[in-house]
Q: 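The structure is given below, and queries will be raised subsequently.
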Protein chains: 2
Amino acid sequence: MNSETTRQRLNREQSREQTRERLLDASRTVFVQKGFALTSVEDIAATAGYTRGAFYSNFTDKTELFVELLRRECENIDREFHHLFQAPLADVVELQEKIANYYSGLYGDGAFSVLWMEAKIVAVRDEKFRATLSLFLEERRAQIAEFVETYARLTNTQSGTSAHHIAIGLMALCEGINIAHRCDPQNVDDKTAEEILSWFLKTTLAMPQQAEQSPAAKVVKTKTAARRVASKSN
Amino acid sequence: MNSETTRQRLNREQSREQTRERLLDASRTVFVQKGFALTSVEDIAATAGYTRGAFYSNFTDKTELFVELLRRECENIDREFHHLFQAPLADVVELQEKIANYYSGLYGDGAFSVLWMEAKIVAVRDEKFRATLSLFLEERRAQIAEFVETYARLTNTQSGTSAHHIAIGLMALCEGINIAHRCDPQNVDDKTAEEILSWFLKTTLAMPQQAEQSPAAKVVKTKTAARRVASKSN
DNA sequence: GAATTTAGATACAACACTGTATCCAGATAC
DNA sequence: GTATCTGGATACAGTGTTGTATCTAAATTC
């Protein structure tokens, strides 16, 4: 009866934290709805159930709040990523399933791509913001590169270019398709988007490159090897 | 001496057209600089050397002007595309060179990607605008799909998915990388971007899919076959 | 429980932008 | 050359936004 109905009094710190949280949540909603540029400080405060005063006593400006919002989004993505891939991997199929889950999770969340797209648009013109965003993106890139390497080891294949490059390509493709879907759902429907993505994964990751010298290294399911790799990266 | 120094009098129609042209040019500049959302009608008019009155007597609002701008951009892209690919193709190498030229041309133009990105952001939230943009994008998609098919015939390969899908993927990748480069030039430099793109082209277009049944169909330079295909699609 | 902090509301002043209404001057028509 | 037309300038009213300055009520401290 205490946690829900009897709303316990919050001390200063808790109250402040709650306000920040609400403002951040509200900003995510409004940014997705109206876009960062056209969102006013008042929009955010009002959606969160406060007035502008509350906003300015918690953040210096809209941009600072956006950075904080993205930092939290990043943390969530990281958490989910680690949650999925820290467990020892049995085989390639399982890995593919997991990556599929991961991306469809991100994909399904409508806020996801639009929010990051907004961020990138802001970054194009805001030097300082760009530097911050760069850090976030590089983190994710490294994460995905790690996944790509794990995949390559699991499947015992090489892909003809560095894991880092593939990571960039993969992220670019995901985002590109996501956007295409979002601003032209007629021609780029869900099914199409997913097909392209999974096709890309299969085609690019596990393909022998130097066609004239090495024969196609088939996908090999070596459970022992897989487990070794997985626990190592753990 | 007449075309440059002696500025000949323009009749109404010509004058009007000139004004529209200047407003459109100016809008491209300002949209890239400040973004569509934060660009005011006054910004556009002033940059073009006019006042708001001129703007409103030529366009109903900012969005209508943006559509017109994109329509013209589309025409330019189409023109360039046809200019490159209508000539009979000798062989795969030449084709690859051409596609490389084409994309580096688009890529080099700083305005290009940012402008289209702005458009997509607008499309996410504006139903009517989205419908229009959809048409533009579908045109380009078809164009690229056509190229993919030509490529497949020239190289005598199959790629495991439809040309239309590949076109979507290719456009998505291009745009994604472009954006990544633009908002994080430190980690995604020009060289990297180009490498990834060309690697994608080579890897995805000419790769045998069903790894277990068909051996890798090598890239075959068959000049005669190539010419036949090229002239046919011409 | 009185004094002190402080989170957040309210009020305010300075701008910026839009869209329209009005006006003017040069181009065209007769 | 006079009348008309129209592209574009100017003025204005209305609305939205920002950042700060002030106020209040609750939370903390003693």
Side-chain angles (χ1 to χ4, degrees), chain A residues 2 6-27 29-31 33-69 118 121-122 125-126 128-129, chain B residues 2 6-27 29-69 118 122 125-126 128-129:
Chain A
N2 198 354
T6 305
R7 189 161 296 284
Q8 66 172 353
R9 282 243 174 262
L10 304 173
N11 63 23
R12 287 195 197 293
E13 235 182 320
Q14 290 172 318
S15 166
R16 189 177 173 76
E17 189 51 43
Q18 189 188 55
T19 303
R20 279 178 69 90
E21 206 76 44
R22 285 179 180 167
L23 285 169
L24 285 164
D25 278 355
S27 76
T29 306
V30 188
F31 286 158
Q33 264 177 18
K34 306 184 57 172
F36 177 80
L38 290 186
T39 295
S40 68
V41 169
E42 176 132 33
D43 287 332
I44 298 169
T47 302
Y50 296 95
T51 58
R52 279 207 316 290
F55 179 94
Y56 282 112
S57 92
N58 277 284
F59 302 96
T60 66
D61 59 23
K62 211 171 53 165
T63 304
E64 199 214 65
L65 171 127
F66 196 20
V67 169
E68 178 61 19
L69 177 62
E118 289 284 338
I121 281 274
V122 173
R125 289 155 193 136
D126 182 335
K128 210 176 144 207
F129 188 90
Chain B
N2 198 355
T6 305
R7 191 161 295 285
Q8 67 174 356
R9 284 243 173 263
L10 304 172
N11 64 23
R12 289 195 195 292
E13 235 183 319
Q14 289 172 319
S15 168
R16 188 176 173 78
E17 190 50 44
Q18 189 188 57
T19 303
R20 280 179 70 89
E21 206 77 43
R22 284 178 179 165
L23 285 170
L24 284 164
D25 279 355
S27 76
T29 306
V30 188
F31 286 158
V32 171
Q33 265 175 18
K34 306 183 58 173
F36 178 80
L38 290 185
T39 295
S40 67
V41 170
E42 176 133 32
D43 287 332
I44 298 169
T47 302
Y50 296 96
T51 58
R52 280 205 315 291
F55 180 94
Y56 283 112
S57 90
N58 277 284
F59 301 96
T60 65
D61 58 24
K62 214 172 49 166
T63 303
E64 198 214 65
L65 170 127
F66 196 20
V67 169
E68 178 60 18
L69 178 62
E118 289 285 337
V122 174
R125 289 157 191 130
D126 182 334
K128 211 176 143 209
F129 188 90

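So that the names make sense, note that chain A is the first sequence line, chain B the second, and so on, each numbered from 1.
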Q: In whole angstrom, give the distance that lies between atom CG of Leu65(A) and atom P of dT18(D).
A: 12 Å
Q: What is the separation between atom CG on Leu23(B) and atom C1' on dG7(D), rounded to the nearest whole Å?
A: 12 Å
Q: Compare side-chain N and O positions of Ser57(B) against OP1 and OP2 of dT6(D) and report whether any pair is under 4.0 Å apart.
A: no
Q: Return the nearest nucleotide to the side chain of Val41(A); candidates are dA9(D), dT18(D), dG7(D).
A: dT18(D)
Q: Rounding to a whole Å, what distance do you find between Asp61(A):CG and dT17(D):P?
A: 16 Å
Q: Where do Leu69(B) and Phe66(B) land on the side-chain contact (heavy atoms from CB on, under 4.5 Å) test, with the steps shown first?
A: CA-CA 5 Å; Leu69(B) 178 62; Phe66(B) 196 20; 4.2 Å; yes
Q: So what does Tyr50(A) touch, heavy atoms closer than 4.0 Å: a base, only the sugar-phosphate, or nothing?
A: sugar-phosphate
Q: Whole angstroms only, please: what is the CZ-P distance between Phe55(B) and dC17(C)?
A: 14 Å
Q: Between Arg22(B) (CZ) and dG8(D) (C1'), how many Å, whole number?
A: 13 Å
Q: In terms of side-chain heavy atoms of Thr19(B), which of dT18(D), dG7(D), dT18(C) is nearest?
A: dG7(D)
Q: Checking side-chain contact (heavy atoms from CB on, under 4.5 Å) for the pair Gln18(B)/Gln14(B): CA distance, chi angles, key distance, verdict?
A: CA-CA 6 Å; Gln18(B) 189 188 57; Gln14(B) 289 172 319; over 6 Å; no
Q: Under 4.0 Å between a side-chain nitrogen and a carboxylate oxygen: does that hold for Lys62(B) and Glu118(B)?
A: no
Q: Whole angstrom is fine here: how far is it from OH in Tyr56(A) over to C1' in dT20(D)?
A: 9 Å
Q: Is Thr51(B) near enough to dT10(D) that one of its side-chain N or O atoms lies under 4.0 angstrom from OP1 or OP2?
A: no
Q: Of the listed nucleotides (dG7(D), dG19(C), dT18(D)), which one gets closest to any side-chain atom of Ser15(B)?
A: dG7(D)
Q: Say whether, by atom type as modelled, one donor and one acceptor occur between the side chain of Glu64(B) and the main chain of Phe59(B) under 3.5 angstrom.
A: no
Q: 5'-most contact on DNA chain C: Leu38(B) or Glu13(B), nearest heavy atom basis?
A: Leu38(B)
Q: Between Asn58(B) and dG8(D), does any side-chain N or O lie under 4.0 Å from OP1 or OP2?
A: yes
Q: Which nucleotide sits closest to the side chain of Arg52(A): dC12(C), dG8(C), dC12(D)?
A: dC12(C)
Q: Can you tell me the distance, in whole Å, between the CZ atom of Arg16(B) and the P atom of dT6(D)?
A: 10 Å
Q: To the nearest Å, how far apart are Glu42(B) CD and dT10(D) P?
A: 11 Å
Q: Apply side-chain contact (heavy atoms from CB on, under 4.5 Å) to Arg20(A) and Glu17(A), showing your working.
A: CA-CA 5 Å; Arg20(A) 279 178 69 90; Glu17(A) 189 51 43; 4.2 Å; yes
